[in-house]
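Accompanying notes for the structure given below.
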Amino acid sequence: MTAQAEIAAGYASEGAAIELGAVLVDGTVEPAAHVRIPLSMVNRHGLVAGATGTGKTKTLQLLAEQLSDNGVPVLMADVKGDLSGLSQQGTESDRTKTRAADTGDDWQPQSFPVQFLSIGTGGIGVPLRATITSFGPILLSKVLGLNDTQESTLGLIFHWADSRGLPLLDTKDLRSVIQHLTSDEGKADLKGIGGVSSSTAGVILRALVNLEAQGGDRFFGEPELDPADLMRERDGKGVVSLLELAELQGNPALFSTFLMWLLAELFETLPEEGDVEKPKLVFFFDEAHLLFSGASKAFLDQITQTVKLIRSKGIGVFFCTQLPTDIPNDVLSQLGARVQHALRAFTPDDQKALARTVKTYPTTPHYDLEKALTSLGIGEAVITVLSEKGAPTPVAWTRLRAPRSLMDTIGNDAIKQASQQSELHGKYAETVDRESAYEQLMQKVAPPQQEQQTPEPPRQEKEEPGLVEKVLGNSAVKSFLRSAGSALAREITRGIFGTSRKRR
Ligand SMILES: Nc1ncnc2c1ncn2[C@@H]1O[C@H](COP(=O)(O)OP(=O)(O)OP(=O)(O)O)[C@@H](O)[C@H]1O
Ligand SMILES: [Mg+2]
C-alpha cells in the first residue's frame, strides 16, 4: 500500500461526503487517494486558514458547491465579491483538466442557485435588516465600540425597554429611549433601573448618533429577516445565500456582528436535531478575525457557547481566516475539520504562529508539518477532519479539487440584476416603518433638535396585522401591537447572545 493510500484509508466513508481532493506524499499525488468530509460530520464545524492568495476562498467555493449539490443550504459572507461566481458555470482550461486528473475528479462546468443579500438597504443584494430589539445589547455594544461598563449600562437600558414591552425597531427608537431616560421626566425611570449613570447613558447616545451619521441606521428596522428564508432548496439543490460585503469592508464590526446575529437567530428558531445525516445549513464566516478582534469577554463567551450548542440544531459553522491563532482556543477546539493552506514564516511572529498551528494537528509519520505548512502549493492544504465515527483522520497533504463554477466575480451589475429578480426581493426590498418606542415616547419627550431640523418622513398611521404576522413574525412587535393602547405591554425576553427570543 502506498503512503497516499494508507492516509486515504482513514477518510473512507459509507455515507455521502464532500470530496476535497487527493493525497500528496513526497510531492507525488495519488488521484485515487481521496480526502473527504463525511456529510454527517459537517455540523462538527471547521476551519479554513492560510496566507493571502493560497486558495481559501476557492476551498469555500468547493465546499459550498458540494453542499448545495447534496441539498444543503449554505450561508456565506462574500467579503471580496469573488464568491458570486458560484452562480455561473466555470470555464474549462488546461489547468482545470490537470487538476481534475490529479484529484480523480470528473470535472464538468456547473452553476448553483444563489441568493444575493446585502446587510442593510442601499447594497447590491436583497437587504437584510434586524430590529434593535432583536439585535440586543451585547451585539450592539460591539457595533458601537462600547467598553464593558457601557455595555452593561446598555443592557440595563434594553431591560427597561423590554420589561415595558417597548419595541426598539430602529436606531431612533433606542435614541428616544435613552433621551427619555436622561430627560427630567425620565429621571425617576433611570433611577429605577439602578446602576445607570446619566453620563454613561450620554456616551452611548453619542455613539449611537455617530453610527446613524455614518449611515448605520440602514441596517436596523423592518422587515426583519426570517431565518427560514436562508434555508431554501431549488430543484433539489441547497440555495447558497451570499452576503455581499465588499461595500461594508470599512465597517467590519458591523458586518461581523450581523453574521453573529444571524447565527443566534438560527439558534433561537431551529429545533433540536441531534445527530444528522447531513447538516440543515452550513454557515461560512469569512474574515473571522474581525469577529474576535476587540471583542468583549461577554461577546467571546457567547460565540463559544453558540458554536458549542448550535451543532445539535444541525448547523455547521466554518471559520475562514489567515491564521488559526486568530481564533480563540475555546472556539478552535470545537472545530472538527481543519483545512490549512500555506502559511508564511517570514517574521518571528509568523514562526510562533506556525509552531502553534503544528501543535493543533495529530502527529503524522508522513510529513514534517512545519516544513509542509510553509511549502504547500496554491490550492493545496494540510487537512484533518472527523471520520464518520468522530475520530480525527490522519493528516493529509491534499491537492484540492477545482470549483465547478466560475472562479471570479460576476460583477456588481449582474449581482444587482439577479437580486432584483430573486424571490426574496418583494419581501424585503422596502423598509417598513411602523409605530414603535419612538412614537410612543415622542408623545412624552420633546423632539430633539436634530429632529426639528430634518423632519421625519410621514409615518404610517394604520397597522396591518396580517402583514405584521407574515413579515415580522417578531414576538416583540406582535406583543406590542396586541397591547397597543393598554398601559402594560408584554415583556420581551432574551435568549443566548442577548438577542430577543422568538416564539414562532
Ligand atoms: N482549488 C483550486 N483549484 C484551482 N485553482 C485554485 C484553487 N485554489 C486556488 N486556486 C487559484 O489560486 C488563486 C487564489 O485563490 P483564492 O482566491 O482562493 O485565495 P485566497 O486564499 O482566498 O486569497 P485572499 O486571502 O487574497 O482572499 C485563484 O484565483 C485560483 O487561480
Ligand atoms: Mg479570498
Side-chain angles (χ1 to χ4, degrees), residues 18-24 29 31 34-37 46-67 74 76-86 88-110 112 240 242-246 248-249 252 255-256 259 284-291 318-327 337-344 346 350 353 357 373-383 396-411:
I18 296 176
E19 295 286 349
L20 293 170
V23 182
L24 233 111
V29 64
H34 290 190
V35 173
R36 44 162 78 99
I37 310 178
L47 174 73
V48 176
T52 168
T54 54
K56 297 182 299 294
T57 303
K58 301 306 169 256
T59 297
L60 299 188
Q61 189 169 350
L62 183 71
L63 288 166
E65 289 180 349
Q66 293 188 41
L67 287 165
V74 168
M76 48 195 347
D78 189 12
V79 180
K80 293 184 178 154
D82 45 356
L83 285 166
S84 58
L86 275 158
Q88 277 178 23
Q89 293 192 346
T91 39
E92 186 158 26
S93 68
D94 288 345
R95 282 164 74 189
T96 56
K97 276 186 202 152
T98 314
R99 210 171 257 271
D102 285 351
T103 56
D105 183 10
D106 61 340
W107 194 95
Q108 287 147 28
Q110 206 181 328
F112 298 83
V240 181
L242 284 185
L243 264 176
E244 293 303 323
L245 297 175
L248 273 185
Q249 283 208 33
F255 79 67
S256 58
L259 290 174
F284 290 92
F285 251 111
D286 204 358
E287 304 287 332
H289 63 282
L290 299 174
L291 189 64
F318 276 69
F319 292 97
C320 185
T321 186
Q322 294 209 359
L323 289 173
T325 45
D326 293 337
I327 315 267
R338 303 281 171 87
V339 179
Q340 177 67 60
H341 290 276
L343 283 170
R344 309 266 173 258
F346 298 146
D350 289 346
T357 306
L373 287 169
T374 48
S375 30
L376 289 160
I378 290 175
E380 292 179 357
V382 167
I383 294 180
W397 181 326
T398 307
R399 181 158 300 159
L400 289 143
R401 292 188 169 193
R404 297 181 173 209
S405 52
L406 190 69
M407 283 201 278
D408 199 358
T409 179
I410 61 168

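For ligands, and for the atoms within them, numbers begin at 1 and follow the listed sequence. Keep in mind that the numbers below use all heavy atoms, side chains included, and drop hydrogens, waters and symmetry copies.
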Nearest protein heavy-atom contact for [atom]: which residue, which atom, what distance?
atom: atom 26 (O) of ligand 1; answer: Thr52 OG1, 2.8 Å
atom: atom 4 (C) of ligand 1; answer: Arg99 NE, 3.3 Å
atom: atom 23 (O) of ligand 1; answer: Gly53 N, 2.8 Å
atom: atom 21 (O) of ligand 1; answer: Lys56 N, 2.9 Å
atom: atom 17 (O) of ligand 1; answer: Lys58 NZ, 3.4 Å

**OP:** Using side chain to side chain donor-acceptor pair (under 3.5 Å) as the criterion, list what pairs up with Arg99, not counting sequence neighbours.
**Re:**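 With sequence neighbours excluded, Arg99 shows a side chain to side chain donor-acceptor pair (under 3.5 Å) to no residue whatsoever.
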
**OP:** Determine, for Arg404 against Asp105, whether the closest basic-nitrogen to carboxylate-oxygen distance falls under 4.0 angstrom.
**Re:**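 The answer is yes: the pair qualifies as a salt bridge.
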
May I ask you to decide if [Y]'s main-chain N or O and [X]'s side chain share a donor-acceptor pair within less than 3.5 Å?
X: Ser84; Y: Ile410; answer: yes
X: Thr325; Y: Leu323; answer: no
X: Arg401; Y: Gly104; answer: yes
X: Asp78; Y: Asp82; answer: yes
X: Trp397; Y: Ile383; answer: no
X: Gln89; Y: Gln108; answer: no
X: Glu65; Y: Ser405; answer: yes

Original post:
Which distance, rounded to the nearest 0.5 Å, do you find between the CG of Leu83 and the CE of Met76?
Top reply: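 These two atoms lie 5.0 Å from each other.
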
Original post:
Numbering the atoms of ligand 1 from 1, which are under 4.0 Å from a heavy atom of Arg95?
Top reply: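 Atoms satisfying the 4.0 Å criterion: 31 (O).
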
Subject >> Contact atoms of ligand 1, heavy-atom distance to Thr57 under 4.0 Å >> reply: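 Close to Thr57: 18 (O), 20 (P), 22 (O), 27 (O).
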
Original post:
In total, how many protein N/O/S atoms does one find closer than 2.8 Å to the Mg ion (ligand 2)?
Top reply: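 Protein N, O or S neighbours of the Mg ion (ligand 2) under 2.8 Å, waters not counted, come to 1.
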
Subject >> Shortest non-hydrogen contact between Ala402 and Leu62, atoms and distance >> reply: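 Ala402 and Leu62 have their closest heavy atoms at O-CD1, 3.8 Å.
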
Subject >> Non-hydrogen atoms of Glu244 and Gly81 that approach each other most closely >> reply: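 Reported closest heavy-atom pair: OE1-CA, 3.8 Å.
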
Subject >> Proximity of His341 to ligand 1 by residue part, where a heavy atom lies under 4.0 Å >> reply: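 No part of His341 is near ligand 1 at this cut-off.
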
Subject >> No-hydrogen, no-angle side-chain donor-acceptor test under 3.5 Å, Glu19 and His34 >> reply: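 There is such a pair (donor and acceptor under 3.5 Å, judged by atom type) between the side chains of Glu19 and His34.
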
Hey, is ligand 1 close enough to [X] that some N/O pair sits below 3.5 Å?
X: Gly55; value: yes
X: Thr59; value: no
X: Lys80; value: yes
X: Ile378; value: no

Original post:
Is there a heavy atom in Arg401 that sits closer than 4.0 Å to ligand 1?
Top reply: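 For ligand 1, residue contact (heavy atoms, under 4.0 Å) with Arg401 is present.
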
Original post:
Under 4.0 angstrom from ligand 1, any heavy atom of Gly50?
Top reply: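 Contact check Gly50 vs ligand 1: negative.
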
